[in-house]
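Structure, as C-alpha cells:
Below, all heavy atoms of this structure are taken into account, side chains as well, without hydrogens, waters or symmetry copies. Everything numeric in this text was worked out from a predicted model, so none of it was measured.
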Number of protein chains: 2
Amino acid sequence: MTNTQRAKRATIRDVARVAGVHPSTVSRALGSDRQARALVNAETRARILKIAEDLNFRPDIAARTLKTGQSHTVGVLLPDLTNPLFPPIVRGLEDRFAEDGFVVLLGNTDDDASRGELVLEGLLSRGVDALVVATARRSGSQFLELSRQGLPIVLINRVFDDQLVPSVATDEVAGIRMAVRHVHSLGHHRIAHLAGPQDLSTGRNRYRGYLAEMDSLGLDVEESMVCIANLYSPEEGRRCAVELLDATGARPTAIVAANDMLAIGCYQALHALGLRCPEDVAIVGFNDAPFSDLLSPPLTSIRFPHYQVGQQAAQLVLERIADPTAPIKVIFLPPELVVRGSTCSRVQG
Amino acid sequence: MTNTQRAKRATIRDVARVAGVHPSTVSRALGSDRQARALVNAETRARILKIAEDLNFRPDIAARTLKTGQSHTVGVLLPDLTNPLFPPIVRGLEDRFAEDGFVVLLGNTDDDASRGELVLEGLLSRGVDALVVATARRSGSQFLELSRQGLPIVLINRVFDDQLVPSVATDEVAGIRMAVRHVHSLGHHRIAHLAGPQDLSTGRNRYRGYLAEMDSLGLDVEESMVCIANLYSPEEGRRCAVELLDATGARPTAIVAANDMLAIGCYQALHALGLRCPEDVAIVGFNDAPFSDLLSPPLTSIRFPHYQVGQQAAQLVLERIADPTAPIKVIFLPPELVVRGSTCSRVQG
DNA sequence: CTGTTAGCGCGTTCAC
DNA sequence: GTGAACGCGCTAACAG
C-alpha cells in the first residue's frame with residue numbers, strides 16, 4: 001500500500017467497468033482530442049460521461065503526463081512575487097493559461113543564482129511544458145540551452161541582445177518619451193529628468209528615452225537639468241529634486257521622474273522649498289504605483305499594462321507549445337499616460 | 001513518438017546501463033528513502049551519483065507521483081493574487097515549502113463559485129498532496145469532504161465555526177485593540193471608530209474589537225463616535241470622517257480606522273475642515289499598506305505578519321503530510337503596532 | 001465504432 | 001548488496 005490512506009479516486013477502469021466498455025473507449029470519450037472523441041458513439045459517450053460524473057471521476061494528470069509527455073503545467077520564474085510589478089503579470093498568465101487548462105507552477109529566485117538553479121530543477125523535473133522567465137540577472141545561456149532542447153521559453157520584460165527569443169516587454173523608452181511630450185505640450189520647456197540608478201537597465205533606458213525625446217523636441221539639455229539617484233527611494237528623490245530646483249541656472253518648470261518613489265521625493269522637496277505643484281513645478285512619475293492617485297496632488301504617471309503582459313506571454317507560450325516551429329515573436333506593449341493633478345491643475349483629483 | 005521532439009532526458013535506466021547495475025539499484029541509490037539508500041554499497045552509490053550528475057539525470061516526478069501517489073506539490077487557492085495581502089503570504093508558503101522540496105501550484109478563484117470549482121478540479125487532478133485555502137466565500141463543505149477523504153487542508157485567514165480545521169490567521173481583534181490602546185495611552189479619551197463594511201467579516205471583527213477595548217478601558221462609546229463605511233475606499237473614509245468630526249457633540253480627538261484606505265479619507269477630511277494631524281486629531285490606520293509611510297504625516301498603522309502567515313501555513317501542511325493524524329492546530333499570529341507621525345508628533349517621519 | 005496490447009519512468013516487492 | 005518482475009493510470013497504435 002504505497003498510496004496514502006486517502007480514498008482512492010475512481011479510475012478510468014472503474015468507469016469502464018460500470019459502463020460495460022473497454023477503458024480505451026472511456027479514454028477516448030473523455031479525452032480532449034477532438035478527433036478521437038468523434039470516433040466514439042454519441043450515446044455511448046453520453047453514458048460514459050454520466051457515469052464518470054456519478055463516480056466523481058477525475059483524470060490522473062500524473063499518469064497522463066507520463067504517457068504523453070505533456071503536463072499541462074507551465075513554470076514561471078520570477079525574482080520576487082512581492083515586487084508589486086509581478087502579481088498582475090502572474091494573474092494575466094494564469095487567466096490566459098486557465099482557458100486552455102494549463103496551470104502555473106511558481107518559482108521565486110530572488111535573483112540568486114544557486115536558488116534559481118534549485119527552483120529551475122524543481123520545475124523541470126515536474127515536467128513543465130514551458131517556461132516563462134522574468135528573472136533579471138541570470139545569464140541567459142542555460143535558458144538558451146533548454147530552448148534548444150525544445151522547451152518553449154518566453155521572456156518577460158527582457159530581451160537577449162544576441163539571440164532571438166520569444167518575449168513580451170513593456171516599452172520603457174516610449175513611456176518616458178510620452179511623459180516628456182506631455183509636459184511639453186502643456187507649455188513646459190525647461191524639463192528636468194530625475195534619473196534612476198544607472199547600474200540598472202531601467203534607469204539607463206529611461207534616461208536614454210528622456211534624452212531622445214528632448215532631442216526630437218529640439219530642447220536643450222543642460223547638465224543641471226539631470227540628476228541621477230542612487231536608489232529608487234523617496235529620500236534619493238528628495239535629494240535630487242532639491243539639487244535640480246536649487247541649481248544656479250534657470251529653474252526647471254517640470255520634472256520627469258524615473259519612478260513614482262522618486263516623484264514622491266520631489267513632492268517633499270517642493271514642500272520644503274515652499275513651491276507648489278503643479279503651479280510652480282509639474283511632476284510626472286513612472287509606473288503608476290497603486291498609491292499614485294492617493295497623493296496630493298494626485299500624481300500624473302505612466303502606467304504599464306502588466307496584466308496584459310502576462311496574458312500575451314501566456315498566449316506566446318501556448319502558440320509555441322502548439323507549434324514549436326512557429327516564428328519567434330517579440331512583443332512590446334505600449335504604456336499609457338495617466339494625467340492627474342501633478343501636471344494639470346484643471347484635472348480633478 | 002508520443003513525446004515532443006524535445007531531447008529525452010536521461011532516465012534511471014540510462015544511468016543504470018552506464019553504471020553497469022540494475023535500474024532498481026539506481027533508484028535505491030538516488031531515492032530519498034534513507035533506509036533503502038543504506039542498503040546500497042557506498043562506493044557503488046558514489047559511482048551512480050557521479051554518473052547521474054554527468055548524464056544530467058533528473059527524476060521524472062510524474063512517474064514517481066504515479067507510483068507513490070505523492071506529487072510534492074501543494075495547491076494554493078486564493079481569491080486574487082493582485083490583492084496586496086497575498087503576495088507576501090505566497091512567498092512565505094513557497095519559501096517554507098521549498099525547504100522540503102515542495103512546489104506551489106497557484107489557483108485564483110476570484111471568489112467565484114464556478115471558477116473556484118474549475119480551478120480546484122485542476123489542482124486535484126494534478127494530485128496535489130495538500131491544499132492551502134484562502135478563499136473567503138466558499139461554503140466549506142466541499143473542503144471538509146476532501147479533508148475527510150484524507151487530503152490535508154490548511155485554511156488561511158479564516159476558521160470554520162462548526163468544525164476544527166488546521167488554520168493560520170492574524171488576530172484582527174487584537175490588532176484593533178492595540179490601536180485603541182495606543183491612542184488611549186497618548187492621552188486620548190474621545191476615540192472614534194471609522195468602521196468597515198459590516199457585511200464583511202473584517203469590518204465586523206474590527207468593529208467588535210474596538211467596542212471591546214473601549215469597554216475594557218472604561219470609555220463610553222456614544223453613537224456619534226462610530227461611522228460605518230460602505231466600502232474600503234478613501235471616498236467613503238472621507239465621508240465618514242467628516243460625519244464624525246462635524247457631529248454636534250464633542251469632537252473626537254482620535255480616529256481609529258478599519259483600514260488604511262479609510263485613513264487616507266480621514267486625511268482628506270481633516271484637510272478640508274482645516275484641522276491638523278496629529279495636533280487636532282490623531283489617526284490610526286489598519287493593515288500597514290506599503291504607502292503608509294509615504295503619506296504626510298506618515299500613518300500610524302497595524303502591521304500583519306503576512307509572510308509569517310504563509311510560512312506557518314506551509315509548516316502546518318508539512319506536518320500533516322508527515323502525520324495525517326497529528327493534532328489539529330489553529331494558529332493566531334499577533335499584529336504589530338507601527339507608530340508614525342499621524343498619532344505622535346515626536347515621531348520621525 | 002470498439003477492443004487489444006503495450007509501455008511511459010519509477011519504486012517496490014520478492015528472490016538470490 | 002543486488003537483480004528480476006510487476007504495476008501505478010493512462011493513451012497511442014493496431015486490429016477487427
Side-chain angles (χ1 to χ4, degrees), chain A residues 1-4 6-17 19-48 52 55-72 124-127 129, chain B residues 1-17 19-48 52 55-72 124-127:
Chain A
M1 184 60 45
T2 126
N3 251 312
T4 53
R6 183 178 323 167
K8 283 189 286 293
R9 291 187 325 227
T11 84
I12 214 167
R13 241 132 62 183
D14 299 325
V15 178
R17 201 177 315 118
V21 297
H22 194 272
S24 321
T25 308
V26 177
S27 172
R28 285 189 278 254
L30 267 44
S32 55
D33 186 351
R34 300 191 64 251
Q35 58 182 11
R37 220 162 45 198
L39 292 181
V40 66
N41 185 322
E43 53 185 278
T44 312
R45 175 156 190 270
R47 192 160 37 102
I48 291 176
L55 264 45
N56 200 12
F57 169 80
R58 240 191 305 277
D60 181 329
I61 304 239
R64 177 181 292 170
T65 298
L66 185 57
K67 180 66 184 174
T68 64
Q70 304 221 282
S71 61
H72 287 248
L124 290 178
S125 51
R126 278 170 183 79
D129 292 337
Chain B
M1 181 60 47
T2 129
N3 251 309
T4 52
Q5 67 257 51
R6 179 179 323 165
K8 282 188 286 291
R9 291 189 325 229
T11 84
I12 214 168
R13 240 132 66 182
D14 298 326
V15 178
R17 199 177 317 117
V21 296
H22 194 272
S24 345
T25 308
V26 177
S27 172
R28 284 189 277 254
L30 267 45
S32 55
D33 185 352
R34 299 190 64 251
Q35 58 183 12
R37 219 163 43 199
L39 292 181
V40 71
N41 186 321
E43 54 185 276
T44 312
R45 175 157 189 272
R47 193 161 36 102
I48 291 176
L55 261 47
N56 200 13
F57 169 80
R58 239 190 307 275
D60 181 328
I61 307 243
R64 176 181 291 171
T65 299
L66 185 57
K67 184 67 187 170
T68 65
Q70 303 220 284
S71 60
H72 288 250
L124 290 178
S125 42
R126 276 166 186 84

TODO: Can you tell me the distance, in whole Å, between the CG atom of B:L30 and the C1' atom of C:dG9?
DONE: 13 Å
- [ ] Find the distance A:R126:CZ to C:dG9:C1' and express it as a whole number of Å.
- [x] 16 Å
- [ ] Whole angstrom is fine here: how far is it from NZ in A:K67 over to P in D:dT11?
- [x] 10 Å
TODO: Please report, rounded to the nearest Å, how far the C1' atom of C:dG9 is from the CD1 atom of A:I61.
DONE: 18 Å
Open item on the list: Counting the atoms with a prime plus P, OP1 and OP2 as sugar-phosphate, which does B:S27 contact under 4.0 Å by heavy atoms, base, sugar-phosphate, or nothing?
Closed with: base
Task: Whole-Å distance separating the CZ atom of B:R13 from the P atom of C:dG11 - done: 13 Å
Open item on the list: Just verifying a value: how many Å separate B:H22 NE2 and B:I12 CD1, rounded to the nearest 0.5 Å?
Closed with: 10.5 Å
Task: Under 4.0 angstrom between A:R64 side-chain N/O and C:dC8 OP1 or OP2 - done: no
Nucleotide N/O of nucleotides 1-3 of chain D paired with protein N/O under 3.5 Å:
{"residue": "D:dT2", "atom": "OP1", "partner": "B:T44", "partner atom": "OG1", "Å": "3.0"}
{"residue": "D:dT2", "atom": "OP2", "partner": "B:N41", "partner atom": "N", "Å": "3.0"}
{"residue": "D:dG3", "atom": "OP2", "partner": "B:H22", "partner atom": "N", "Å": "2.7"}
{"residue": "D:dG3", "atom": "OP2", "partner": "B:T25", "partner atom": "OG1", "Å": "2.7"}
{"residue": "D:dG3", "atom": "N7", "partner": "B:R28", "partner atom": "NH2", "Å": "3.0"}
{"residue": "D:dG3", "atom": "O6", "partner": "B:R28", "partner atom": "NH1", "Å": "3.3"}

Task: Main-chain N/O of B:G127 paired with B:S71 side-chain donor or acceptor, under 3.5 Å - done: yes
Task: Sugar-phosphate, base or nothing in reach of B:L66, heavy atoms under 4.0 Å - done: base
Task: Donor-acceptor under 3.5 Å (A:S27 side chain, A:P23 main chain) - done: no
Open item on the list: Under a 3.5 Å distance rule, please check whether B:R126 uses its side chain to pair with a backbone N or O of A:H72 as donor and acceptor.
Closed with: yes
Task: Spacing between A:R17 atom CZ and D:dC10 atom P, to the nearest angstrom - done: 12 Å
Open item on the list: With rounding to the nearest 0.5 angstrom, report the CD1 to CG distance, A:I48 to A:L55.
Closed with: 12.5 Å
Task: Distance, nearest 0.5 Å, that separates CG of A:L66 from CG of B:D60 - done: 6.0 Å
Open item on the list: If I take atom CG in residue B:D60 and atom P in nucleotide C:dG9, what distance separates them, rounded to the nearest angstrom?
Closed with: 7 Å
